[in-house]
Amino acid sequence: MEEEKDIYILAIESSCDETAAAVVRNGREVLSNVISTQIALHTLYGGVVPEIASRKHIEKINQVIEAALKEAGTELRQMDAIAVTYGPGLVGALLVGVSAAKAISFATGIPLVGVHHIEGHISANYIEHKELEPPYVCLVVSGGHSHLVVVKDYGEYEIIGQTRDDAAGEAFDKVARAIGLGYPGGPKIDKVSREGNPDAIAFPRPKLADNVYDFSFSGLKSAVLNYLNGCRMKGEEICQADVAASFQKAVVEVLVEHSMYALREYGYDRFAIAGGVASNSALREAMAGACRENNIRFYYPSPVYCTDNAAMIGVAGYYEYRRGRRSGLDLNAVPNLRLGSKEAF
Ligand code: KG4
Ligand code: ZN
């Protein structure tokens with residue numbers, strides 16, 4: 001019998017502040033994962049400045065792609081497809097990756113596959129969990145998104161809950177700024193919370209009456225800001241670690257509660273988390289405990305695959321490629337792309 005041919009995907013990601021490229025073999029084997037982060041640059045401004053992000057992507061993109069091919073020990077002509085994030089994200093940032101991918105595809109004739117950024121985050125779980133296959137429930141919590149998703153099949157998603165206002169990561173970043181921790185806030189809150197008392201301040205656990213799976217974090221963020229203002233007015237000292245830990249506990253509790261409810265109601269016994277906030281240590285610990293109690297198998301990616309990277313785009317791109325999906329050279333960046341959209345094909 002003829003041996004199955006290996007499938008190589010060159011993946012490109014530039015939706016926010018990381019310029020990234022990777023080579024992925026047969027869907028789940030990461031041969032290289034190169035990330036050029038702009039965090040230090042944006043820290044000066046307390047957050048991502050879209051114009052600066054685009055300019056940096058343009059500077060770095062070719063180097064990063066070359067490094068990914070080299071580290072993988074591969075050559076461009078070996079690639080079966082070029083997978084690229086085409087949304088959602090910052091339009092100017094996305095366009096850099098999309099243009100690079102289109103140029104490579106045009107010059108070489110290698111097929112182009114547009115990938116949804118969130119589909120990439122979800123697919124990050126396949127890299128280290130070879131046994132994980134759909135269907136399962138996934139919580140995607142990143143700087144721009146909080147989605148509770150039923151992964152019905154590769155490339156087939158049902159969004160059952162999402163944020164009405166701030167994303168989970170955005171709330172982390174805003175609260176971090178308010179307590180003087182700076183950007184990016186998530187990892188810093190995670191760290192200082194270890195020295196704080198999570199029960200020191202009773203912040204609200206926002207609930208929505210009309211869809212129990214939806215999230216809302218702006219009320220919680222306001223409660224933190226009000227608490228800080230109150231302390232300042234009364235001349236009371238603010239304990240940064242206690243505020244961080246109490247805020248983090250409130251976010252984690254809401255995320256755990258919504259996820260466990262969804263798993264029960266939809267009847268799934270496998271659960272994954274994804275996105276930058278999925279690397280939060282308190283969230284991982286609380287989810288692991290809740291899953292143990294409820295007999296649910298719990299999956300999460302290593303931190304490097306939680307935050308933005310191109311390996312996850314390569315994995316998602318592989319499954320789209322296997323389904324026969326190809327994008328034309330008219331592929332455009334779509335800043336508000338909906339998960340499950342077939343716009344690219
Ligand atoms: O997935 P990601 O890299 O970018 C988006 O697609 O948005 O997520 C970045 C977000 C930021 O808001 C960052 O503060 C948050 O993930 N984050 C964390 C942690 N590490 C990153 N939030 C909480 N705890 C962490 N350890
Ligand atoms: Zn992301």
Side-chain angles (χ1 to χ4, degrees), residues 27-30 33 117-143 145-163 167-169 171-172 186-187 189-191 193-194 198 205 212-215 217 245 247-309 311-312 315-316 319 339:
R28 297 187 179 215
E29 200 184 333
V30 177
N33 186 31
H117 183 74
I118 299 299
E119 178 170 15
H121 274 302
I122 296 169
S123 305
N125 278 288
Y126 300 136
I127 297 168
E128 293 155 301
H129 307 295
K130 308 293 183 207
E131 76 284 12
L132 178 63
E133 295 207 36
Y136 59 95
V137 173
C138 186
L139 172 75
V140 188
V141 270
S142 71
H145 312 271
S146 312
H147 281 21
L148 202 47
V149 179
V150 176
V151 182
K152 295 179 153 177
D153 198 350
Y154 295 110
E156 298 293 334
Y157 306 95
E158 182 188 349
I159 300 172
I160 57 177
Q162 54 194 310
T163 183
F172 268 95
I189 290 199
D190 193 348
K191 190 154 173 250
S193 291
R194 289 179 201 141
R205 272 60 171 158
V212 288
Y213 303 114
D214 276 354
F215 304 102
F217 292 110
F247 159 77
Q248 181 173 271
K249 187 176 178 186
V251 175
V252 166
E253 268 187 25
V254 170
L255 295 176
V256 170
E257 202 181 297
H258 282 46
S259 304
M260 293 306 127
Y261 190 65
L263 283 154
R264 236 185 349 262
E265 290 298 304
Y266 281 78
Y268 289 98
D269 61 0
R270 280 175 307 165
F271 175 60
I273 55 174
V277 183
S279 59
N280 182 271
S281 53
L283 179 67
R284 286 168 180 250
E285 211 173 288
M287 285 293 189
C291 286
R292 244 190 330 269
E293 265 172 39
N294 293 289
N295 273 326
I296 287 158
R297 295 195 55 183
F298 176 47
Y299 301 92
Y300 52 89
S302 293
V304 67
Y305 296 128
C306 284
T307 44
D308 289 349
N309 66 88
M312 67 184 197
V315 179
Y319 286 105
L339 183 63

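Because the structure is predicted, anything quoted here is derived from the model rather than measured.
Inter-residue side-chain proximity for His117 and Asp308 is flagged as met; some heavy-atom pair is nearer than 4.5 Å. Within the 4.5 Å cutoff, no side-chain heavy atoms of Tyr300 are placed close to those of Leu283. Considering only heavy atoms from C-beta on, Tyr268 stays 4.5 Å or farther from Ile296 through its side chain. Looking at heavy atoms from C-beta onward, Asn309 lies out of side-chain contact with Val304 at the 4.5 angstrom threshold. Taking 4.5 Å as the limit, some side-chain heavy atom of Leu139 sits within range of a side-chain heavy atom of Phe215.
His258 and Asp214 form no side-chain donor-acceptor contact under 3.5 Å, judged by distance and modelled atom types alone.
Remark: Arg297 CZ is loosely packed, at most 12 non-hydrogen atoms of other residues, nucleotides or ligands lying under 6.0 Å away.
A pairwise comparison of heavy atoms in Phe217 and Ser146 identifies CE1-OG, 4.0 Å as the closest pair. In terms of heavy-atom proximity, Val277 sits nearest to Ala168 at CG2-C, 4.2 Å. Residues Val252 and Ala286 come closest through the heavy atom pair CG1-CB, 3.5 Å. In plain terms, the two heavy atoms of Lys249 and Arg205 that are nearest each other are CG-NH2, 3.9 Å. For the residue pair Gly276 and Ser279, the shortest heavy atom distance occurs at O-OG, 2.7 Å.
The distance from the NE2 atom of His121 to the CG atom of Leu339 is 11.5 Å, given to the nearest 0.5 Å. Atom CG of Asp190 and atom CD of Gln248 lie 5.5 Å apart (nearest 0.5 Å). Note that OG of Ser281 is 11.5 Å distant from NZ of Lys191, once rounded to the nearest 0.5 Å. Going from atom CZ of Phe247 over to atom CD1 of Ile189 covers 5.0 Å, rounded to the nearest 0.5 Å. Rounding to the nearest 0.5 angstrom, the gap separating the CD1 atom in Ile160 from the SG atom in Cys138 is 11.0 Å. Between atom CG of residue Leu255 and atom CE of residue Met287 there is a gap of 5.5 Å, rounded to the nearest 0.5 Å.
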Apply the test side chain to side chain contact (heavy atoms under 4.5 Å, CB included) to residues Val151 and Ile122: give CA-CA distance (whole Å), side-chain angles for both, the deciding distance (0.1 Å), then the verdict. CA-CA 9 Å; Val151 182; Ile122 296 169; 3.9 Å; yes
Mind running side chain to side chain contact (heavy atoms under 4.5 Å, CB included) on Phe172 and Asn280 for me, showing each step along the way? CA-CA 10 Å; Phe172 268 95; Asn280 182 271; 3.8 Å; yes
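Sorted by first and then second residue, the salt bridge (Lys or Arg N to Asp or Glu O under 4.0 Å) pairs with a member in residues 147-163 read Lys152-Glu158, Glu156-Arg323, Glu156-Arg325; sequence neighbours excluded. For the salt bridge (Lys or Arg N to Asp or Glu O under 4.0 Å) condition, the pairs that include at least one residue of residues 256-273, sequence neighbours left out, are Lys207-Glu257. Residue pairs that meet the salt bridge (Lys or Arg N to Asp or Glu O under 4.0 Å) test with at least one member in residues 271-294, sequence neighbours left out, do not exist here.
Among residues two or more places apart in sequence or in another chain, the salt bridge (Lys or Arg N to Asp or Glu O under 4.0 Å) test is passed with Glu128 by none. Applying the side-chain contact (heavy atoms from CB on, under 4.5 Å) test to Ala316 and every residue at least two apart in sequence or in another chain returns Val115, Glu119, Ser123. Evaluation of the side-chain hydrogen bond (donor to acceptor under 3.5 Å, both in side chains) rule for Asn125 yields no partner, not counting sequence neighbours. With sequence neighbours left out, Tyr136 forms a ring pair (Phe, Tyr, Trp, His ring centres under 6.0 Å) with no residue at all. Residues passing the side-chain contact (heavy atoms from CB on, under 4.5 Å) test with Thr307, sequence neighbours excluded: none. Annotation: side-chain hydrogen bond (donor to acceptor under 3.5 Å, both in side chains) contacts of Asn33 (sequence neighbours excluded): none. Listed by chain and number, the residues in a ring pair (Phe, Tyr, Trp, His ring centres under 6.0 Å) with Tyr154 are Tyr126, Tyr319 (sequence neighbours excluded). Under the rule for a side-chain contact (heavy atoms from CB on, under 4.5 Å), the partners of His145 that lie at least two apart in sequence or sit in another chain are Pro88, Ile118, Ser142, His147. For Tyr299, the ring pair (Phe, Tyr, Trp, His ring centres under 6.0 Å) partners two or more places apart in sequence, or in a different chain, are His129.
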